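The structure presented is a predicted model; accordingly, all values stated were derived computationally and were not measured. Below, chains carry the letters A, B, ... as their sequence lines are ordered, and counting in each starts from 1. When reading the values below, keep in mind they use all heavy atoms of this one structure, side chains included, and skip hydrogens, waters and symmetry mates.
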Amino acid sequence: MPAITLPDGSVRSFEGAVTGTMVAASIGPGLAKAALAMELDGKLVDLATEIRADARLRFVTRKDAEALELIRHDCAHVLAEAVQELFPGTQVTIGPPIENGFYYDFSRNEPFTPDDFAAIEAKMREIIARNAPFVRTEVAREDAIKLFTDKGERFKVELIRDLPASETISLYGQGDWVDLCRGPHMRGTGDVGTAFKLMKVAGAYWRGKSDNPVLSRIYGTAWRDQKELDAYLHMLEEAEKRDHRRIGREMHLFHQQEEATGSVFWHPKGWKLYRTVEDYMRRRLDDAGYVEVKTPQVLDRKLWEASGHWENYRKNMFMATVEDRDEAHKLLALKPMNCPCHVLVFNQGIRSYRELPLRMAEFGACHRYEPSGALHGIMRVRAFTQDDAHIFCEESQIADETVRFVALLSRVYRDLGFDSFQVKFSDRPEQRAGDDGIWDRAEGALQEACRIAGVAYELNPGEGAFYGPKLEFVLRDAIGRDWQCGTLQVDFVLPERLGAEYVAEDGTRKRPVMLHRAILGSFERFLGILIEQYAGRFPLWLAPVQVVVATIVDDAADYARQVAAQMQAAGIRVELDLRNEKINRKVVDHIEQRVPVLAVLGRREAEDGKVVLRRLPGREQENVSLAEAVAMLKREAVAPDLRP
RNA sequence: GCCGGCUUAGCUCAGCGGUAGAGCAACUGAUUCGUAAUCAGUAGGCCCGGGGUUCGAUUCCCCGAGCCGGCACCA
């Protein structure tokens with residue numbers, strides 16, 4: 001006699017076991033029609049699930065947050081059925097819902113191409129129109145294995161074999177098609193609706209392991225209705241316009257070319273942006289008690305052997321050889337990291353505990369031979385400059401330094417337009433230097449520091465650096481991809497390997513702990529994200545060109561030159577546009593160039609000594625004196641850390 | 001590195017087994033104009049590189065490079 005409590009607190013009692021479908025029907029025909037699944041005692045299950053005992057129940061309809069995930073998961077099943085109907089012999093593997101959609105990985109000799117999408121989508125619509133109910137059955141492990149072995153689905157068999165013994169093995173059928181699945185699902189394929197679209201194909205390794213076979217993955221997106229789908233597709237189009245590679249070209253910020261794969265050619269305007277950020281960072285670091293150093297690019301193999309890079313990182317290092325040195329010294333490497341160099345600086349002379357924490361910063365240029373497939377615009381490159389620093393400190397100072405670092409990073413991110421970021425905690429990787437005792441201490445210290453700093457993080461197991469655990473500060477680009485920018489890493493290993501020590505209060509020699517930390521991460525990556533964040537429309541202090549002085553007629557040219565000269569003298573980054581073009585055209589061009597301020601000058605302004613300012617892409621005009629314009633723009637262009 | 005796709009003028013893109021086109025940009029001239037594209041003209045191409053098939057390849061095939069999307073990698 002289950003008594004079912006609904007979200008509004010009302011209780012309904014039934015004679016015997018009931019299903020969600022029956023409960024919904026008993027409440028009303030509207031709900032019976034709308035309910036797709038239900039949450040039973042906090043767990044999302046099929047509507048057809050039998051309820052035998054008292055329970056709390058909430059129906060999930062298309063409006064609810066869970067609906068999207070259900071639609072996407074069901075859509076993945078529909079995709080799999082469609083593919084198997086159209087391409088017999090294709091094996092199915094897994095097909096989960098993901099952010100904005102779903103994918104399904106197939107095993108097939110011939111990978112799918114986007115040319116297959118039209119046929120597959122048509123078949124999917126057919127399957128959805130059939131509205132076959134999703135039917136759950138629970139089976140014994142041996143039966144499941146037999147079923148999928150008979151079908152020739154060896155990946156499914158492998159999945160079943162690896163399920164823990166405690167796990168119930170369930171199948172979901174839709175018409176004649178059946179898949180191994182945990183569920184839950186909606187009532188039938190018709191509930192998927194028609195607001196879906198196949199997006200792209202990709203190779204993906206079975207179970208994410210690169211020595212496993214490559215599967216053919218089809219990505220799709222699915223939404224509640226056409227309107228949502230259209231909005232999503234429109235959002236993607238807009239995001240494409242923010243792509244830093246596109247804006248970099250349009251705004252003449254940088255370029256890349258084959259002769260230097262994975263490197264950036266910064267053009268004058270891009271370099272101005274870079275320098276503006278670098279100057280800002282240098283001031284922030286000065287204020288935060290860092291000292292700045294500059295260390296070599298090319299170092300002898302001996303150093304990399306000592307640091308552990310030779311063993312753990314060599315595959316990512318560029319080598320340099322010279323002919324006229326003996327065997328032992330002819331191999332050098334471009335530094336992939338700055339840390340060993342900083343230890344070498346630390347090791348000069350005798351250090352005292354009084355000097356700690358010693359915060360040693362460097363805008364360090366590094367080279368890493370990244371796998372070709374990893375390169376991505378200026379976000380993932382082979383030559384980059386980190387806003388790197390290493391804090392040499394005592395173990396007891398880790399927490400305080402972490403608190404300070406997180407405060408500094410938050411300040412910088414806010415100043416540069418990022419109000420939120422994700423934090424991940426990456427612990428010991430499989431390939432690492434240092435014994436487990438050292439790792440226990442390092443991870444413990446970092447966890448404790450996070451607790452004290454009040455940093456909430458997500459665990460990222462096994463992803464730490466080879467020398468220590470790390471915090472990753474992650475920002476998101478225009479297309480929704482996440483990039484690690486800031487980082488904080490606790491390292492007991494390198495000081496040991498490179499013999500760093502200091503004289504402690506008691507006169508004994510001790511090993512310092514080393515905190516590796518970066519805020520921007522690399523200038524290249526960070527500027528890429530910054531470009532996308534602002535879609536190239538930078539706030540005045542960052543804009544490579546802050547003001548364009550544009551004339552309406554040639555008669556205003558002399559005055560325009562004066563205006564530009566005065567602005568320039570006041571430190572404003574200004575350009576002149578004296579072209580023989582109509583002002584309309586000039587407005588359009590500078591909007592396209594994402595110039596923040598246009599100063600328009602005609603005969604009237606030349607006569608009155610005035611300037612008409614227009615904040616692009618806005619339409620409003622301000623008419624002010626030249627002196628006022630200069631003062632105002634100068635004030636507005638002050639970097640956030642220098643504002644009164 | 002792996003799977004797939006792409007690569008034609010500075011940019012965005014057509015094209016096609018008979019050696020190439022548009023728009024924008026550039027250049028020249030006219031126009032001097034008051035806030036979202038003035039008009040006319042001119043010039044511009046190892047059609048990514050290397051092989052092959054063919055009477056003939058930018059087009060078809062193979063190899064390579066770079067880029068793009070994922071996957072793997074990512075101090």
- Task: Please answer whether the main-chain N or O of A:T93 pairs with a side-chain N or O of A:K156 as donor and acceptor at a distance below 3.5 Å.
- Result: yes

- Separation of B:U12 atom P from A:D243 atom CG, nearest Å, is 12 Å

- Query: Would you say A:R603 reaches B:G34's phosphate, i.e. side-chain N/O to OP1/OP2 under 4.0 Å?
  - Reply: no

- Task: Identify whether any heavy atom of A:Q257 sits under 4.0 Å from a base atom; if not, whether one sits that close to sugar-phosphate; answer base, sugar-phosphate or nothing.
- Result: nothing

- Taking the six-membered ring for Trp and the single ring otherwise, decide whether the centroids of A:H367 and A:F384 are under 6.0 Å apart. no

- Taking the six-membered ring of A:Y369 (Phe, Tyr or Trp), confirm whether the NZ or CZ of A:R382 is under 6.0 Å from its centre and within 45° of its axis. yes

- Exactly one candidate in A:D558, A:D555, A:D608 meets salt bridge (charged side-chain N to carboxylate O under 4.0 Å, His left out) with A:R603; the answer is A:D555

- Query: Base, sugar-phosphate alone, or nothing: which one does A:F384 contact when heavy atoms must sit under 4.0 Å apart?
  - Reply: base

- Message: Rounding to an integer number of Å, can you tell me how far A:E581 CD sits from B:C33 P?
- Response: 15 Å

- Query: So what does A:K586 touch, heavy atoms closer than 4.0 Å: a base, only the sugar-phosphate, or nothing?
  - Reply: nothing

- Task: Establish whether the base of B:U35 is bridged to the side chain of A:N584 by a donor-acceptor pair shorter than 3.5 Å.
- Result: no

- Does B:A72 have OP1 or OP2 sitting under 4.0 Å from an N or O in the side chain of A:R207? no

- Item | Out of B:C67, B:U35, B:C73, whichever nucleotide has its closest atom nearest the side chain of A:P371 | B:C73

- Query: Using atom P of each nucleotide, how far apart are B:G15 and B:C60 to the nearest Å?
  - Reply: 12 Å

- Query: Counting only Watson-Crick or G-U wobble pairs whose two distances fall under 3.5 Å, which nucleotide matches B:G17?
  - Reply: none

- Note on the structure: note: A:D577, atom CG; B:C33, atom P; distance rounded to Å ~ 17 Å

- Message: Counting the atoms with a prime plus P, OP1 and OP2 as sugar-phosphate, which does A:R249 contact under 4.0 Å by heavy atoms, base, sugar-phosphate, or nothing?
- Response: sugar-phosphate

- Message: Please report the distance separating the P of B:U7 from the corresponding atom of B:G49, rounded so that it comes out in whole Å.
- Response: 13 Å

- On the ring face of A:Y457, is A:K424 found with NZ or CZ under 6.0 Å from the centre and within 45° of the axis? no

- Query: Closest to the A:I552 side chain: B:A36, B:G69, B:G34?
  - Reply: B:G34

- Roughly how many Å is it from CD in A:E592 to P in B:U12, rounded to a whole number? 14 Å

- Message: Please check: side-chain N/O of A:K586 versus main-chain N/O of A:T551, any donor-acceptor pairing under 3.5 Å?
- Response: yes

- Checking all strands, does A:G618 fall into the base, sugar-phosphate, or nothing category for heavy-atom contacts under 4.0 angstrom? nothing

- Query: For A:H376, which contact category applies under a 4.0 Å heavy-atom criterion: base, sugar-phosphate, or nothing?
  - Reply: sugar-phosphate

- Message: I want to verify a distance call: between B:G70, B:C73, B:U38, whose nearest atom is closest to the A:Y219 side chain?
- Response: B:G70

- Message: Could you check, using the six-membered ring where one of them is a Trp, whether A:F523 and A:F363 have ring centers closer than 6.0 angstrom?
- Response: yes

- Once you round it to whole Å, what is the distance between P of B:A72 and CG of A:D211? 12 Å

- Item | Span that lies between the C1' atom of B:U53 and that of B:C71, in whole angstrom | 36 Å

- Message: Under a plain distance cut-off of 3.5 Å, with no hydrogens placed, do A:Q484 and A:K470 share a side-chain donor-acceptor pair?
- Response: yes

Atom pairs under 3.5 Å, N or O on each side, protein against nucleotides 2-10 of chain B: can you list them with distances?
residue	atom	partner	partner atom	Å
B:C2	O4'	A:Y205	OH	3.2
B:C3	O2	A:G203	N	3.2

- Between B:G56 and B:G51, how far apart are the P atoms? Round to whole Å, please. 15 Å

- Query: Quick one: does A:D435's side chain have a donor or acceptor within less than 3.5 Å of a partner on A:I438's backbone?
  - Reply: yes

Protein N or O to nucleotides 58-65 of chain B N or O, pairs below 3.5 Å:
residue	atom	partner	partner atom	Å
B:A65	O2'	A:E258	OE2	2.8

- Message: Between B:G70 and B:C55, how many Å separate the two C1' atoms, rounded to a whole number?
- Response: 44 Å

- Task: Tell me which of A:Y369 and A:Y313 sits closer to the 5' end of RNA chain B, going by the nucleotide each one is nearest to.
- Result: A:Y369

- Message: Using a heavy-atom cut-off of 4.0 Å across all strands, would you classify A:K582 as base, sugar-phosphate, or nothing?
- Response: base

- Query: Contact class for A:Q621 vs. all strands (heavy atom < 4.0 Å): base, sugar-phosphate, or nothing?
  - Reply: base

- State whether the distance check finds a donor on one side and an acceptor on the other, under 3.5 Å, for side chain A:R614 versus base B:A36. yes

- CD/A:E311: more than 12 non-hydrogen atoms of other groups inside 6.0 Å: no

- Item | Base paired to B:C2 (Watson-Crick or G-U; both N/O distances under 3.5 angstrom) | B:G70

- Message: Would you measure the distance from the P atom in B:G17 across to the matching atom in B:C13 and give it in whole Å?
- Response: 23 Å

- Message: For B:G29, give the paired nucleotide (Watson-Crick: N1-N3 plus N6-O4 or O6-N4; G-U: N1-O2 and O6-N3; both under 3.5 Å), or none.
- Response: B:C39

- Item | Nearest-Å distance once atom P is located in both B:U8 and B:C46 | 12 Å

- Message: Can you identify which nucleotide, out of B:G69, B:A72, B:A25, has its nearest atom closest to the A:R585 side chain?
- Response: B:A25

- Is A:R207 paired with A:D162 through a side-chain N to carboxylate O contact shorter than 4.0 Å? yes

- Task: Quickly work out the A:R245 CZ to B:C11 P distance and round it to whole Å.
- Result: 16 Å

- Counting only Watson-Crick or G-U wobble pairs whose two distances fall under 3.5 Å, which nucleotide matches B:C11? B:G23

- Heavy atoms under 4.0 Å, any strand shown: does A:R108 hit a base, just sugar-phosphate, or nothing? nothing

- Message: Nearest whole Å is fine: how far is B:C71 P from A:K209 NZ?
- Response: 15 Å

- Message: Need the pair for B:G49. Rule: Watson-Crick or G-U wobble, both distances under 3.5 Å, any strand; none if unpaired.
- Response: B:C63

- Query: Checking all strands, does A:R380 fall into the base, sugar-phosphate, or nothing category for heavy-atom contacts under 4.0 angstrom?
  - Reply: base

- Send over the distance from A:K470 NZ to B:C74 P, rounded to a whole Å. 8 Å

- Query: Looking only at atom P, what distance separates B:G10 and B:A26, rounded to whole Å?
  - Reply: 14 Å

- Query: Does a donor on one side chain sit under 3.5 Å from an acceptor on the other, for A:H252 and A:H267?
  - Reply: no

- Item | A:R217 NZ/CZ over A:Y103 ring centroid, <6.0 Å and within 45° of normal | yes

- Query: Is the cationic atom of A:R561 (NZ for Lys, CZ for Arg) positioned less than 6.0 Å from the six-membered ring centroid of A:Y559 and within 45 degrees of its normal?
  - Reply: no

- Message: Using a 4.0 Å heavy-atom cut-off, does A:E605 contact any base of the nucleic acid, only the sugar-phosphate backbone, or nothing at all?
- Response: base

